[in-house]
Protein chains: 2
Amino acid sequence: MNKNLTREKIINAADDLFYQQGFEHTSFSQISVQVKVSRGNFYYHFKTKNDILTAVIERRLKNTSTMLAQWQSQGQSPTERIRSFINILILNREKIQKFGCPVGTLNSELVKLNHPSKENAKEIFTQFHAWLSHQFSQLKHNHDADILAMHLLARSQGIATLASVFNDKNYIKQEVDSLHAWLTPYTNSLY
Amino acid sequence: MNKNLTREKIINAADDLFYQQGFEHTSFSQISVQVKVSRGNFYYHFKTKNDILTAVIERRLKNTSTMLAQWQSQGQSPTERIRSFINILILNREKIQKFGCPVGTLNSELVKLNHPSKENAKEIFTQFHAWLSHQFSQLKHNHDADILAMHLLARSQGIATLASVFNDKNYIKQEVDSLHAWLTPYTNSLY
DNA sequence: GTCTATATAATGATAGAC
DNA sequence: GTCTATCATTATATAGAC
């Protein structure tokens, strides 16, 4: 089998399992079963479990970049772009109810483990924050664009956490509506 | 040594370690070292690791009840009582920056592990929600007391998550101010 | 009630055949 | 590049002496 293909499969499976079960709870055995590769061959592609984590985070960073770039090109205004961000709560609703936010839960776990890759994972949050902050600054809110971006990130995180704990479908929709309503006043000062 | 005393010491140590490192990452060895009791004797008090978790959650439920009852008796108005809740973010700021919210992170971990005790841990959230909901209903917001309580819970969770990831002292203060400001309009409709 | 010694299973990781 | 066999370590958990 092609080297890079197997490597990609491993990263894929690890990404899913880390999200669904957490990093520490996921074992090499579980990943190798899913990829249908023996545990031994595994170490040809990754020398340590941390190396897989590094690759998974790198992958998520790239995916986030791609998604933000898409929103940037597709959204016709900063307001619409920010609404794209808010709506991922709806798009990924089922997974969020089951496993929480992939960014937030990975970061929380790595912070508790005081894991060397925690700074690496934090970068995913920083990506979202920089992008959101940029959108808000375009809404003539330069003075508090950072704060508004952090505020929106925090609310999304809280919604994802409670949604996974209470497992309530309507709750996410209700809070997403509330987020859209919160955003509206900021959009009026644009033109 | 007294039976119940050792038992209490074990629950205490486990409570701290589960908070600081997570449930799964914490081993019997670590707990026994902290309590200064041999691993063997450990099983005299708790038969399985899950039994310790059950005891820890039970302990947290009791502590939460006590705290909410105190706020109930000390706060002179529903508004002041809700502000007591908001201010735990300030009171526990250092720990939250290091380890996140003890309620949220435990629940998130148990959800990912699909652990049998997850329903048990969820009850801690339910306690806070019921109490907050009660306060809001006293502010003549019966129609949306539940929603306001969930909203406040979610924002607290999001703040705790981001505070632990970004490790920024001023951020918590800033968002707490924002929470107090958010609450104010609801308090005017009281008398 | 506390200890030491031990059983058992799973983990991350390595060596070497093919 | 993939495999089987194996190692060292750690984990939860048990048995039995004191």
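All of these numbers come straight from a predicted model, not from anything done at the bench. Below, chain A is the first sequence line, B the second, and so on; all start at residue 1.
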- Message: Checking A:Ser178 now: which residues fulfil side chain to side chain donor-acceptor pair (under 3.5 Å) with it, not counting sequence neighbours?
- Response: A:Arg155
- Message: Nearest whole Å is fine: how far is D:dA11 P from B:Phe23 CZ?
- Response: 14 Å
- Task: Return the value, rounded to whole Å, for the distance between atom CZ of B:Phe42 and atom P of C:dT2.
- Result: 12 Å
- Could you walk me through whether B:Phe46 and B:Phe28 pass the ring-ring contact (aromatic ring centres under 6.0 Å, His included) check? CA-CA 11 Å; B:Phe46 295 97; B:Phe28 280 11; 8.9 Å; no
- Residues two or more places apart in sequence or in another chain: which of them pass ring pair (Phe, Tyr, Trp, His ring centres under 6.0 Å) with A:Phe99? A:Tyr19
- Task: Check the distance between D:dC3's C1' and A:His45's NE2 and give it to me in whole angstrom.
- Result: 12 Å
- Item | nucleotides 11-18 of chain C: protein proximity per nucleotide (B base, S sugar-phosphate only, - neither; heavy atom, under 4.0 Å) | SSBB----
- Message: Using the side chain to side chain contact (heavy atoms under 4.5 Å, CB included) criterion, which residues pair with A:Gln127? Sequence neighbours excluded.
- Response: A:Leu61, A:Thr64, A:Ser65, A:Leu68, A:Ile124
- Message: Under the rule for side chain to side chain contact (heavy atoms under 4.5 Å, CB included), what residues qualify as partners of A:Thr66, not counting sequence neighbours?
- Response: none
- Task: Using side chain to side chain contact (heavy atoms under 4.5 Å, CB included) as the criterion, list what pairs up with A:Ser108, not counting sequence neighbours.
- Result: B:Thr161
- Message: Side-chain N or O of A:Tyr44 versus OP1/OP2 of D:dT2: is the shortest distance under 4.0 Å?
- Response: no
